[in-house]
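Only one structure is covered here, and it is reproduced in the block below.
Just so we're on the same page: letters track the sequence lines, and every chain starts at 1. Everything numeric here is computed off the predicted structure, so don't read it as measured data.
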Amino acid sequence: RDFNERCAQCSEVNWGLTDGGRFYCRSCHNVTERSREVVNTDFISNTRVQTISKHLRKQEKTGMCCEWYVCEGFQLILKKQAEALETLGVCPQMKDEILYNFWRHYLQKSKQAYCNRPAGEAVRALSVCDSSTDVDSEPERPSLLHFLSLSESEGDLQTDCSFASSTSKVSGSTSVLSGSVDGSLYLMKNQKEKLRMTMPMTLSFCYMALLWLREPMTLSDLLRFVVEGHIPYLNVFQHFPEKMKLHGLDLKIFFVESWPTYEEVYNKMLELAAYLDLPRFPDITDSCFLHPDMLCMKYLMEANLPDELHNWTCRVVKKICIGEVDFLTLVPGNKSTRKVKYDVLAVAVIVVVLKLLFLLDDHYEWLLSDFAEERNKNNKEGGLYFEFKKWYKVIKCSLDVEQKKLDEERAKYLWRCEKPLFYSAQKKSNVLKRRQMVVNLQNQFGKLSRSVRPAEKPNPSSFQFCWSEENTDGSCFHGHSLKGVLQEKRGLLTAMNTDYWLCTLKLCNEKLCGHLAHYKEVDFPQSYHFVLRLFSFLLRIQPSYIHDEVCVIEHKLFNKNLYKKKPKYNTGRRK
Amino acid sequence: SSSEQHLNFKSSKEACLSYIQDAMLQKQWKRAAEFLTFYVEALEKDYSREYMGPSEIIWRIGTEILCHHSHSSMKEFNSFIEQMKTLGVKRYLKVCLEHAFRLLCNGLVDEAYQILSVAESWRFGEQTAIQDKEMKLIQAYKGLLDYYSWSRQKNILLENERDGFEDLSVEQEMHSCFRKAAVSLKEIIKMPGVWDLFVKCYVDLLEFYGDHNEARQVLNEYAYNSKFPANPNAHVYLYQFLKRHGEPRKSLISALKILHDIVPSHELMIDFNTMLQKSKKRKKRRLGLEVIFAALDYAGWKENVKAWNCLARQVKQIVISGKHLDWIKEEWNSRKDWWPAFHFSRYLAKRNWQENESLSCEKALVAGILLGKDCKYFKYVSHQGCKAQVKRFWILKKFVNKHNPVYLRISG
C-alpha cells in the first residue's frame, strides 16, 4: 500500500502482508525483511518462554520445577517438529518464519497470548478451585490469561509483582491436577469458539506450513515420516526441560497413544486455516511438486509403471481441469469447493488411467498381457512391450514382503518411553515399579529372542520402492512401451480398450454419510483391488479413500455420458 | 493384509499378541520371545476391567516360552516367576501353585516344597479368604510332598531293618512327615472333588500305621458320598482295599456294582463276572452274564481272551444245565443285529485263527451257540482247528453240534 519499492526478485510492485507483518510480493511470493511495526517483532520461541519463566522464577518452589503453560508445551513440540523437518530437507524458512507466524497468529486468535486484556475483564471458569468466577470484584488481581499478554511495555513489573503474590495461590491448587498451570482449564469443554490445540493438530500446523511453502512433501509423506520416527510426535514431551513437570491432566493433552489419521490431520488443517482467517494460499502451478502432473510422475515411478503412462495421466488431468491453479490452490474458509488431497488425487488419476487402458475387469488385462508376452518373445529388438502379468507378479511379490514387514513393525511398536507418567503423586511409585519390571522382562526375553535386533530406523526417503533399470532381472518397467495396448486411430493414439466400467453410478452425499462411495472388496474386480491396495500401501491410507477419489474423477470424466439419455460408453459394471 | 488405519496402543498390542500366539503354535520360541519383548509394555496400562489382562497373559505365555526355549534355564524361570508373583495379588497363590508344579515336572522336589511352604504362610488381608481354595490346594500338595518324604524314609527304614541297622533319626523323621502329610491330606479330601492321588496316599499312610477303620471310612466316603463327583477310581480303590484285607465276596461284589454302572468296560469287570458266576444267588449270576456281555460290547475287549473265556464258560454252563436259556436270549436280543459283524465276521475268523488260537476257540463256542453251527465264524474256525488236529477244537465241534437246537430256541 504505502510500500512502493520494487520487488528484488521480480521487479513488480505488488505487495501483500504476511501474518508476520512482513511484506511479500504477490507475484513471486518473495518475502522481504521489511515489516510493518508490530507490537512485538522479536518473536523467537525461546524468548517468550524465557520471558515468562523469568517472571515466574520468583515462584519456584523447589529449584526443580517451574510453572508452565500448555501452549508453551505445544510450542516446544512444534519447534522440535520443525527442526526435524529441516533435517529432512525442508527449507529453514518453514521453521523460522512460516510455522511460527502461524503459531503466533493462533495464540493471538485463541487469546492465549499476544493480546491485550484489561485487568478487569471477566474470565469464565478461571480455575477449578476458585469458587468465585467473578474477577471483576478484584481489580487488583489480574487474570491468568492477562498475565500471558505482553503489554506495550515489555513486562510491567508492577503487574507482575502483584501477580506473583496471587499466582502462588492459584498455582498451588492447580498443580495437584496438572503440572502445567492451565492444564485443567485447557481441557474444559466450553471452548468451542476457540480451536483447542491437540497433538494431532501439531501435524496440521506443520502440514499447513509445508503447503504454504509448497514444499515437496505430501501429507501422506509427512505422516509416514512421523510413524517412522523421523518427526517427533509420540512421547515428545519427554524432551521438555526438566523444570516442566508433567502430571495429571497434562497427560490427557500431551500423551497420546495412537497415530493420527490422514483425514483427521487434513480436516483439522482446513479448520485451522479458516480459523486463522488465512488468505488464499500460494498458487499451486504446474511446476509445483504438488501438481497432479508431478505427483503422477512420482507415483508412476514408485509403482514401477511405464513412463509412457504419464502422457495419459496428463491428458486426464487436463480433460477434467484438475490441473488448474484455482482448483488446486487452497482458499481457506471457502466451503463450496471440495478441498484437494494432492497425493490421493494423483494416485486416483493413475488408477483411472489404468482402467482406461487395461479395463481391469479380471479378464481383459490378462488378455492384453498375453498378446504382449507373445510379441516380446518373438521380437527381441525394439524395446519390450509392457506385460501386465509380469508387472503384477513383480509388484505383488514386493508388496507382500513390504506389507508383511509393515504389519510386523506395527505389532512391535513400543509406545511407552522412559519418562514416567503418572496422574498423581501417589501413583508415582507404582508407575516406577511397573516400568522397572517392564524393562527387566524386556531384557530377559530380549536375550532369548533373535540375537540382533535391527534397531536402526530406516533412512527417511520419499520413495518406498526403488526400481532401477540397471537391474538385469528385468524387474523394472519404467522403459516399457505401451504399444501393446494402444492403437492408432486417425493419427491419434488411443486405447485398444473401448470399454469402461464405473466404480459407482451415483455419488453419495458426503455430508450425509461421510463418504462419496462405499468400497467393498468383494464387489470389485481383483485387479482393481490390487491396484488400490498398492497405492493404499504407499500412502498408508485405506483403499476406500482412493476409491472415493476415483469415483469423483470418473464422474467428472464421463459427466456428459452419465447425464445423457443414451450413454455412449458402457456404464454398467462388468461382471 | 491389515490396513489397520487407526493404529493405536490397544490394536497394536492385540496384533503383537496374535503374532506371539502364532509363533507359539508353531513352536518358534525365539520368535515368540521376540514379540513378547514388545508386548510387555502393556503392563503399564490399566486393564483392570478386562477378563484376562496383560499380567496374566504375560505370566502364562512367558512360562511356556521359558519352559520350551532351548537357552532358558530353571534359574531364569524362577526369577521370572518371582516377578510374576508381584504383579497380581489376586493371583498370587495360583502362580505359586503352578510354579511348584513346574518345579516338580523338572524333578526339583525340594525347591517345590520350599515354594509351597512360603505360599502357605502368605497372608494378605481379605485376599487370604478369597483365595481359600488355592490355599487348600497348596496345603494338599505340600501334604503330598510330605507323603513322598515319608515314603522315602520308610524305605530307608525297611532297608536298615533288613540290614540290621537301627536309626532313630530316620524313624523320627518318618513319623513327623507322616503327621504333616496326614493332616493336609485329610483336609483336602473332605472337600467334594476328585482327589485320587491324595486319597491313595492317605490310605497308604493309614494302612501302614494300622488304622484300617479310618481307611475304610475314607474310601467309603470317597466312593459313596453323593456330593463327590462320580469317580470310577473311587470304587476301584475301595475294591482293592477290601480285597487286600480279605473281605468276603459279598462286599467285594457290592463294591464293584457301581463301577459296572459307570464304566461297563472297566478291566475289573472280569473279576466281577468271575465272582458273580460263582455266586449261589440267581440274581448275581444273572448280573454276571449281563456284565460280561456289556464288557464285550466295547472294541477294546474284542481280542481279550479272558473275557471271551468268561462268557464262553458261562454260556456253556447255562446250556448244559438247560436252565435260564432266556437269560441268553435277553442278552442276545439287543445284540444280534450287530455282534455278528462286530465279532463273528469271516475276516475276523481268519484273523483270530491266525493270530490267537485260544481266542478263536473261545469265540467260536459263543458264536456256535448264539448263531448256530452253520455260522461263518464257527464253521471256519472249527474246520481249521480240526484240520490242524488240535484237540480242543474237536471238543468244541462236538459240543456245538450237540447243542445246536439251543440256537434255534435262542434265535426264535
Side-chain angles (χ1 to χ4, degrees), chain A residues 227 234 255-264 399-400 402-404 406-417 420-423 427 430-451 453 521 529 532-533 536-537 539-545, chain B residues 1-23 28-46 54-55 58-59 61-62 65-73 75-87:
Chain A
V227 173
L234 277 191
F255 177 63
V256 283
E257 283 185 326
S258 62
W259 296 118
T261 59
Y262 186 106
E263 288 284 292
E264 198 182 336
L399 184 60
D400 286 346
E402 293 301 312
Q403 182 75 59
K404 184 161 178 248
L406 182 66
D407 290 341
E408 282 199 12
E409 265 164 39
R410 281 173 169 166
K412 288 187 189 172
Y413 203 81
L414 285 176
W415 299 84
R416 315 288 294 206
C417 65
L421 305 162
F422 39 92
Y423 277 91
K427 304 235 167 142
N430 267 6
V431 169
L432 289 172
K433 255 195 269 175
R434 277 280 161 122
R435 181 75 209 158
Q436 188 56 48
M437 180 175 302
V438 167
V439 171
N440 289 345
L441 288 173
Q442 283 173 338
N443 285 337
Q444 183 169 29
F445 287 100
K447 278 192 224 132
L448 291 177
S449 54
R450 279 178 235 280
S451 38
R453 169 167 178 207
E521 187 185 330
H529 175 70
L532 282 190
R533 203 185 120 205
S536 99
F537 172 80
L539 264 47
R540 303 281 198 272
I541 58 178
Q542 295 283 44
S544 50
Y545 289 159
Chain B
S1 75
S2 57
S3 29
E4 175 67 40
Q5 179 59 4
H6 206 86
L7 191 64
N8 55 25
F9 187 91
K10 190 163 180 219
S11 60
S12 162
K13 289 306 163 214
E14 276 169 9
C16 192
L17 191 59
S18 68
Y19 277 102
I20 297 175
Q21 288 166 339
D22 279 345
Q28 295 169 329
W29 304 109
K30 261 198 187 153
R31 189 172 151 91
E34 184 187 354
F35 278 94
L36 187 59
T37 321
F38 298 110
Y39 182 77
V40 292
E41 65 170 6
L43 283 176
E44 296 186 70
K45 285 275 279 184
D46 174 36
S55 46
I58 289 171
W59 164 46
I61 289 182
I65 293 178
L66 287 171
C67 287
H68 290 101
H69 197 287
S70 46
H71 294 318
S72 151
S73 65
K75 189 162 160 237
E76 273 203 48
F77 176 71
N78 286 334
S79 106
F80 169 73
I81 287 290
E82 290 303 326
Q83 285 189 77
M84 292 297 106
K85 286 180 190 170
T86 66
L87 265 187

Is a salt bridge present between [X] and [Y], judged by a nitrogen-to-oxygen distance below 4.0 Å?
X      : Y      : value
A:E257 : B:K10  : no
A:E521 : A:R533 : no
B:E82  : B:K85  : yes

Max heavy-atom pair count under 4.5 Å with chain A, selected residue of B:A33, B:A15, B:S72: B:A33
For chain A, the option from B:L66, B:I58, B:T86 that forms the most heavy-atom pairs under 4.5 Å: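 Of the candidates given, the most pairs with chain A belong to B:L66.
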With rounding to the nearest 0.5 Å, note down the distance linking CG in B:L87 to CZ in A:R434. 5.0 Å
Need one label for B:L17: side chain, backbone, both or neither, based on atoms under 4.5 Å from any heavy atom in chain A. neither
B:H69 portion near chain A, given a 4.5 angstrom heavy-atom threshold: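 Side chain of B:H69 only, per the 4.5 Å heavy-atom cut-off to chain A.
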Flag the pair B:K45 / A:R416 as yes when at least one side-chain heavy-atom distance between them is below 4.5 Å, and no otherwise.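 Side-chain contact under 4.5 Å: yes.
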For chain B, the option from A:K404, A:K433, A:E408, A:Q442 that forms the most heavy-atom pairs under 4.5 Å: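 Top option by heavy-atom pairs under 4.5 Å: A:E408.
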